[in-house]
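Read through the structure below, which is laid out as structure tokens, and then see the notes.
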Amino acid sequence: MLGLVYALCFVCDKVIYWFFLFNLIQQNLQNEIAKQRAALDRTNDLGKVIIDNSGDNPLVVADVQGKLTKVRVQLDRLDARIEQRHAILQNILLQIQVYDVMLDEFVTKLEEMEDEVNKFRPISAILEIVSEQKEHIQRSVSDNITRKQPVFDKILEDGHGMLERMEAGDEKDAQKEKLEQMETRWNEIKEKTADMQKRVQVVHEASQKYDQRATNFREWLQDAEKKVSKIYPVSCDDNELDERLVELDGLASEIESHNLDFDELNESASTLTDVCQADGDVIKADFNELKSRWDALQTAVLEKKIKVEEAKEAFEKYQSALQPVQEAFTQAEDALASHKPAGTDADKIQQELEQIKALVSTLDERKGDIKQLNQSGQQLLQQAEDDAPSTLSVKEQLVSTNGKFKDLPTRLSDRQKELEKALEDTLQFNSSLAEIEQWLPETVETVEALEPVSSEPENLKEQIRETEALHDGVK
């Protein structure tokens with residue numbers, strides 16, 4: 001009969017039906033026992049009659065009472081067995097109730113976990129999102145699996161225990177299939193969850209690695225960009241240009257030392273976009289933005305270094321052109337400033353005139369240097385800061401130099417003309433003076449050689465003619 005109860009347990013779905021069934025069986029049995037006890041009571045009365053009729057014969061009393069006691073004992077035992085069976089059935093019913101409740105709750109939770117796994121969104125490459133996904137799959141599914149594993153084991157154990165007590169048949173096959181399906185679903189959800197956790201962990205680790213490398217690289221890149229932005233590549237000061245070259249060389253070395261960091265960042269981005277299921281485009285965009293800035297930084301450093309080197313070359317050309325021009329200007333200014341009257345010294349005037357002519361020629365030869373000076377100076381000024389002290393100095397230098405280059409040749413030319421006129425006058429003066437000085441000794445000798453004044457008219461006339469001739473010579 002117990003086998004029938006178990007079989008019925010797996011056929012019916014309503015637990016209340018089992019309460020009714022168990023109570024019905026117990027009631028029927030107890031009613032039968034009550035009927036038999038009533039019959040035994042009537043039989044007992046008949047036994048009393050038999051005993052009375054025997055005159056209380058001990059043998060008859062023993063026979064009647066023995067038979068009645070034997071039946072009563074059997075009824076009591078039967079009643080006890082029914083009560084025991086009732087307790088067993090109640091316990092079985094309780095087990096069935098617990099099993100059904102546990103099974104229903106487990107299946108409901110299993111469906112929820114299957115739903116969580118099935119609707120789990122694609123694994124994101126973004127660290128904040130994949131971290132949330134990792135926590136969600138752990139909390140909503142994996143932790144539930146851990147908590148429900150003992151429940152599953154208990155249900156499976158009870159289910160197999162019931163299967164062992166069930167008679168062969170469709171009901172047993174149905175229950176066995178039900179347990180196998182549940183076990184299959186349970187193992188599948190565990191495998192799917194483990195696989196999903198593994199994939200989430202892989203993406204999470206890749207995302208963490210990329211995020212850390214991107215953060216570190218971005219911080220360094222931002223600092224390097226600030227350094228480059230503060231470097232004004234062109235100056236009109238040689239020392240400043242050298243300092244700029246040192247700074248740019250330092251930045252170039254720093255960039256080179258981060259080549260490995262950039263390669264690792266590139267590798268991390270590639271790995272992350274390969275293993276993720278969503279938001280890979282976000283990572284690509286972020287990496288491409290960093291790559292653009294990285295390329296721009298290298299270009300900026302290279303271009304600024306080229307400009308500094310060009311500026312330094314222009315500065316050197318500027319200085320090489322400025323030096324001979326300034327030397328020529330100094331010589332010319334010194335020559336013009338040291339002018340002293342030469343008097344009748346024609347050689348001194350000639351010497352000064354030759355010096356002035358040489359300076360005029362020298363300034364004329366400096367035209368190429370002036371052209372180079374202006375070209376190099378303008379090249380410097382076009383790229384330099386307008387308000388920088390070195391820029392203002394070069395501007396003033398160019399204005400002063402070009403002004404002097406226009407003024408000094410004019411002043412030298414005027415001085416040359418003055419010296420040429422002075423030389424002409426001095427030469428003429430000295431020539432005339434020399435003629436006079438050459439004439440005087442002869443004339444004095446002639447005058448001294450004249451005869452005394454004669455008293456003879458003819459002689460006197462001749463002496464007068466000689467004197468007049470001498471007088472004309474003096475004039």
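Any value given below was found using the heavy atoms of this structure, including those in side chains, with hydrogens, waters and symmetry copies removed.
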SB check [X] [Y] (cutoff 4.0 Å):
X: Glu112; Y: Lys109; answer: yes
X: Lys192; Y: Glu188; answer: no
X: Lys404; Y: Asp407; answer: no
X: Lys209; Y: Glu205; answer: no
X: Lys119; Y: Asp115; answer: yes

Should we say atom [atom1] of [X] is surrounded by more than 12 heavy atoms from elsewhere, each under 6.0 Å from it?
X: Asp170; atom1: CG; result: no
X: Arg147; atom1: CZ; result: yes
X: Lys284; atom1: NZ; result: no
X: Lys176; atom1: NZ; result: no
X: Glu111; atom1: CD; result: yes

Classify the ring geometry of Trp294 against Phe262: parallel below 30°, tilted from 30° to 60°, perpendicular beyond 60°.
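Correct class here is parallel.
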Please work out whether the ring planes of His136 and Phe120 are parallel, tilted or perpendicular, with thresholds of 30° and 60°.
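His136 vs Phe120 ring planes: parallel.
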Check: Phe287 ring centre within less than 6.0 Å of Phe217 ring centre:
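Between Phe217 and Phe287, which both carry aromatic rings, the centre distance is not below 6.0 Å.
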For Asp286 and Arg218: C-alpha separation, side-chain torsions, deciding distance, then whether salt bridge (charged side-chain N to carboxylate O under 4.0 Å, His left out) applies.
CA-CA 10 Å; Asp286 182 71; Arg218 185 177 286 105; 2.6 Å; yes
Any donor and acceptor pair, going by atom type alone, linking the side chain of [X] with main-chain N or O of [Y] inside 3.5 Å?
X: Asp223; Y: Glu219; answer: no
X: Thr362; Y: Ala358; answer: yes
X: Thr43; Y: Ala39; answer: yes
X: Ser229; Y: Lys226; answer: yes

When you check the side-chain N and O atoms of Asp261 and Asn216, is any donor under 3.5 Å from an acceptor?
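Per modelled atom types, Asp261 and Asn216 side chains form no pair under 3.5 Å.
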Any donor-acceptor pair under 3.5 Å linking the side-chain atoms of Ser376 with those of Gln372?
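Gln372 vs Ser376: donor-acceptor pair found between side chains.
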Is there a side-chain contact between [X] and [Y] in this structure, where contact means two heavy atoms from C-beta onward sitting under 4.5 Å apart?
X: Ile123; Y: Cys276; result: no
X: Met196; Y: Val141; result: no
X: Trp186; Y: Ile145; result: yes

As an exercise, state the distance from [atom1] of [X] to [atom2] of [Y], rounded to the nearest 0.5 Å.
X: Phe152; Y: Ile189; atom1: CZ; atom2: CD1; value: 12.5 Å
X: Gln222; Y: Arg293; atom1: CD; atom2: CZ; value: 6.5 Å
X: Asp369; Y: Gln323; atom1: CG; atom2: CD; value: 10.0 Å
X: Thr193; Y: Glu114; atom1: OG1; atom2: CD; value: 9.5 Å

Any idea which heavy atoms bring [X] and [Y] closest together, and the distance?
X: Leu251; Y: Val301; answer: CB-CG2, 4.3 Å
X: Val203; Y: Val275; answer: CG2-O, 3.4 Å
X: Leu272; Y: Tyr210; answer: CD2-CB, 4.0 Å

Please name the residue in the list Ile255, Leu297, Leu248 that meets the side chain to side chain contact (heavy atoms under 4.5 Å, CB included) test with Val228.
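Looking at Ile255, Leu297, Leu248, the match for Val228 under the side chain to side chain contact (heavy atoms under 4.5 Å, CB included) is Leu297.
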Using the side chain to side chain contact (heavy atoms under 4.5 Å, CB included) rule, pick out the option among Glu177, Lys178, Lys172 that qualifies with Gln175.
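Output: one option passes, namely Lys178.
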Side chain to side chain donor-acceptor pair (under 3.5 Å): which pairs involve residues 44-56, sequence neighbours left out?
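Every candidate side chain to side chain donor-acceptor pair (under 3.5 Å) pair involving residues 44-56 fails, so no pair, neighbours aside, qualifies.
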Assess whether side chain to side chain donor-acceptor pair (under 3.5 Å) is satisfied between Gln149 and Asp153, documenting all intermediate values.
CA-CA 6 Å; Gln149 184 64 50; Asp153 293 339; 2.9 Å; yes
Going by the side chain to side chain donor-acceptor pair (under 3.5 Å) test, name the single residue among Lys134, Gln138, His204 that passes it with Gln197.
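Output: one option passes, namely Gln138.
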